[in-house]
Amino acid sequence: MFWKNVSIIITLIVNILPSLFQMCFFGQFTSPEKKLTCVYWRISAWIEDGCHVSETNSTHTVCSCEHLSTFALIMTVDQTLDSNPVVDVLNTIFVFIGLVFLTLAVMTFALCRRNPRVSNVSRLNLCVCLLLAQPLFLFTQSFLHLIRPNEVSCKVLAGILHFLFLCCFMWMSIEAVLLFLSVRKLKQVKPNDRAGLHWKLSLLIGYGIPLIIVGVSASVWPDGYGSHKCWLKTENGFVWSFLGPAYFILAGNTILFLTILITIHSTLKGAQSDVSKCKYTR
């Protein structure tokens, strides 16, 4: 639904305090869920630093700033379109189907361990992280209008989602490395060999590295969590605390995938050559 009526500011009262510069904007704001921001003009953009809303109601808003400049009061307008009921129903159905298959995958990897030489730790944890991240993300986006007013809840959910999605990418990377190690030893496979990392080391890498990234990100800029979508803010490049590791892992997995294809091709070619030599000897 669009907000159709945003009234124009008609009056401005200025009050100069010893260490604070206050402005009172008078006007009728008809939007029920408006978000007002006091800003000033710096070079080529409106900046919020040093200014904040100290008081607001339906008739006026008071901005307090620490300096003099060209000031303005900006109101964020919600331009969310009416949802399509057909799309909503299809989205619910497909999400439910996806969660069912993820649950079946978790049960399969957890219960079916007949081959002692094959480890399902990375696949199991990948499915568990996806099974936790997807419903939490959908829940957050579905009830965004209730969660967003509570800033602490919004930041906490953003941090948890940041951690879970990083874990998903990390477990995909571990699975790619394990597949590469298995393919590299195609010619040296022994019956008692167990290809891959120890499960304790896998857990340490799969959950430890994302935890370190989230901890460092939260320590450097705690306000980076809790955007208007309860996700990572784009200011100061904070969103790269997720995009950076994700792109790095995707690039590494692509390189490993190409290497695996080349290794399999060379191995099969060598096997065909050995078979041809055996036939020629006979």
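Between Cys127 and Phe109 there is a side-chain heavy-atom pair separated by less than 4.5 Å. Using a 4.5 Å cut-off on side-chain heavy atoms (C-beta onward), Val39 and Cys51 make no contact. Residues Leu232 and Ser227 form no side-chain contact, since every pair of their non-hydrogen atoms from C-beta on lies 4.5 Å or further apart. Side chains of Leu144 and Cys230 form a contact here, defined as non-hydrogen atoms less than 4.5 Å apart. No side-chain heavy atom of Leu136 sits less than 4.5 Å from a side-chain heavy atom of Leu132.
Between Tyr225 and Phe238, a ring centre-to-centre spacing shorter than 6.0 Å is recorded. Taking the six-membered ring wherever Trp is involved, the centroid distance between the rings of Phe143 and Phe139 falls below 6.0 Å. Ring-centre distance between Phe242 and Trp231: below the 6.0 Å cut-off.
Side-chain N or O atoms of Arg148 include one that pairs as donor or acceptor with a backbone N or O of His228 at under 3.5 Å. Remark: the backbone N or O of Val121 is paired with a side-chain donor or acceptor of Asn125 at under 3.5 angstrom. A donor-acceptor contact shorter than 3.5 Å links the side chain of Lys233 to the backbone of Asp223. A side-chain donor-acceptor contact under 3.5 Å links Thr263 to the backbone of Thr259.
Under the 4.5 Å side-chain heavy-atom criterion for ILVMFWY residues, a single connected hydrophobic cluster contains both Trp240 and Phe169. In terms of hydrophobic clustering, with Ile, Leu, Val, Met, Phe, Trp and Tyr side chains grouped at heavy-atom distances under 4.5 Å, Ile160 and Val152 are assigned to a common cluster. Under the 4.5 Å side-chain contact rule for hydrophobic residues, Val214 and Leu243 share a cluster. There is no path of hydrophobic side-chain contacts, each under 4.5 Å, that joins Leu131 to Ile97. Grouping the Ile, Leu, Val, Met, Phe, Trp and Tyr side chains by contacts below 4.5 angstrom, directly or via other members, places Ile205 apart from Phe248.
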Check: Between Val106 and Leu102, does a side-chain contact (heavy atoms from CB on, under 4.5 Å) hold up when you go through it step by step?
Finding: CA-CA 6 Å; Val106 170; Leu102 276 175; 5.5 Å; no
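Remark: Ser217 OG to Leu166 CG distance equals 8.0 Å, nearest 0.5 Å. A distance of 13.5 Å separates CD1 of Ile174 from CG of Leu179, quoted to the nearest 0.5 Å. Annotation: the span from Phe257 atom CZ to Ile262 atom CD1 amounts to 10.5 Å, rounded to 0.5 Å. Rounded to the nearest 0.5 angstrom, Ile212 CD1 and Ser219 OG are separated by 11.5 Å. Here the SG-CE distance, from Cys129 to Met172, works out to 10.0 Å after rounding to the nearest 0.5 Å. To the nearest 0.5 angstrom, Leu204 atom CG is 10.5 Å from Leu211 atom CG.
Within a 6.0 Å radius of CD in Gln141, other residues, nucleotides and ligands contribute more than 12 heavy atoms. Within 6.0 Å of the CZ atom in Phe137, the count of heavy atoms belonging to other residues, nucleotides or ligands does not exceed 12.
Ile213 and Pro245 get closest at one heavy-atom pair: CD1-CG, 3.8 Å. Taking each heavy atom of Leu99 and Pro135 in turn, the nearest pair found is CD2-CG, 3.6 Å. Between Ser202 and Trp171, the closest heavy-atom pair is O-CH2, 3.2 Å. Minimum interatomic distance between Phe165 and Ala133 (heavy atoms only, all atoms of both residues): CE2-CB, 3.8 Å. Pairing each heavy atom of Ile249 with each of Ser173, the nearest pair is CG2-CB, 3.6 Å. When all heavy atoms of Ile209 and Met170 are compared, the pair lying nearest together is CG2-CE, 3.5 Å.
Cys pair Cys63/Cys38: SG-SG separation is below 2.5 Å.
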